[in-house]
Amino acid sequence: MKDEDIIGLFWKRDETAISETSVKYGPYCRKIARNILFNSEDEEECLNDTWLCAWKTIPPKKPNRLSTYLGKITRNLSLNLFRNKKAEKRGGGQTELVLSELSECVSSPENVETSVEEAELISAIEKFLWKQPEEKRNIFIRRYWHLYSVKEIAEIYGISESKTASVLFRMRNELKNFLEKEGAAL
Amino acid sequence: MKNEILLDAIGKIDEELVFAAEKSKRKKFPFIKWAAVAAIFAVIIFGAEVKPLEYEVQSEIPAKIEGFENVMYGPILGDERKEFGILGEDEIGLTEENRYEITEKDIGEFMGTVVEGEDDIIGSRVYHFTKYPDSDKICIIETPEGFEFYVVYIPVQLEIGESSDSVFEIFGFPESLEKMEVRYSWGKTVFEINGEERERVFEILSGKENLGPEEESKRKAELFFETYKNEDYVFDEKEGRCVEKVKGPVSYIDQNGEKVSGGSPSVLARKLFLEKSCSIILVSENGFELYISYYPAVEMFWARGYFSLSEAETETLNKIFKLE
């Protein structure tokens, strides 16, 4: 079913919207949840919550890209769940690794205070990404938006794991410098 | 934790960026030098049907071409592909079907050889792209892995005291000035400037002295002080840059008596500095582009150096750039 038809079902308050969404975007959203949580029960919980959230928000929303809209909801729900259950210290997911890598982009990761507005930060990150060569930009997004493992990214782009890690390392340094230059450093 | 704030912020970036990343995939194929060479001979000797020679590859070290010593060439990027019509306007990402295949018909006149760059491309032959035979902005380099599009960039940074004319000379302006565009935000062309207005803009930007980045920082701090009447954001002579005297969220009353809040003094200073700013793009006959950033709030512009403008000049430029 086409995205606009699924959105149409949501707008008509037809509950088949949820099953159609689940059929079409279940695997996509599950992959994002898995990258973050690596626990099938939690993944299931996040997926159900994703469909519910979509049901509650469409309408009034009419997403341009249903996939990314749903992916974003799954990502947020999964990260929240990850934080809530962090104490359990389950291994396997990419979240701890990604957070540890992102610590390199901030001035003092242990300090909870921040002097930059979120909107400014998002805008600076977007500006930074648009300035990057396409492939590097995509590698960065795959790692820090979708939380793909370095190995998976290397396979997608047909490059070695060490090259992928090296690209990400350089980009984290560049991002840190860029945020400082833009007055958006954390 | 700040890293979590950053992870959350990344989660809120433009959906187009995310969608493009999801669609992107590098084509998997082995690069075989001799296969590419053989393909060329097949075309030349046997008049064979034109077939793809090779796909583009990415390189990180820019190349310098004999005869073009003032400029560097780097591998083409996605948006530049759109500019040269080798990627459809609506296409997103370099998926397999989106990759432009350079064929024999794309190889134009010989431009020179690579004299600097990645080891394996030094000595490589460089050609014009037949679609743009007069443009030196784009070229095709015959790398060991195949033919790649490269696009020019000009790594000039002026010394303090140097004239803005120095940078214009490198581009051959004003004689070679073909087009002048104004963009209000990244990547979005708003309008062109022509005729007398173009001459007037060029006249104003010429003959200025590079005052260096410290001058820009000083003006930013002055603007902050004039607006908010406090010294939470000042120029530090020792550091040679602006520093915050107060950390964290701030709230001030501006000149109009309105309350303004921000994440930090530097965030508010940046907003003031960027007010009504825009980019001016000067394009030469051979396709080279010079980007100029115009900052009317501090009466300055940046063109590989930091230049000051008078109040009258700023007023004139604001009018021409429709910033009033």
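These numbers come from the heavy atoms of this one structure, side chains and all, not from hydrogens, waters or symmetry mates. So you know, we letter chains A, B, ... as the sequences are listed, proteins then strands, and number each from 1.
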Original post:
Side chain, backbone, both or neither: which part of A/E182 has a heavy atom under 4.5 Å from chain B?
Top reply: both
Can you give me the closest heavy-atom contact between [X] and [Y], atom names plus distance?
X	Y	result
B/V18	A/W145	CG2-NE1, 3.4 Å
A/R137	B/L17	CD-CD2, 3.6 Å
B/A9	A/L121	CB-CD2, 3.6 Å
B/N3	A/L99	ND2-O, 3.0 Å
A/N138	B/A20	OD1-C, 4.1 Å

Compare all side-chain heavy atoms of [X] with those of [Y] and state whether any distance is below 4.5 angstrom.
X	Y	result
A/R143	B/I10	no
A/I141	B/I13	yes
B/L6	A/I125	yes

Subject >> From A/R75 atom CZ to B/K12 atom NZ, the distance as rounded to the nearest 0.5 Å >> reply: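 Here the rounded value is 9.5 Å.
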**OP:** Write out all pairs satisfying ring-ring contact (aromatic ring centres under 6.0 Å, His included) with one or both partners inside residues 166-186 of chain A, taking only residues at least two apart or from two chains.
**Re:** A/F128-A/F178
Original post:
Can a salt bridge be assigned to the pair A/R142 and B/E22 using a cut-off of 4.0 Å between side-chain N and carboxylate O?
Top reply: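 The answer is no: the pair does not qualify as a salt bridge.
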Original post:
Counting only heavy atoms not in A/N64, do more than 12 fall under 6.0 Å of its CG?
Top reply: no
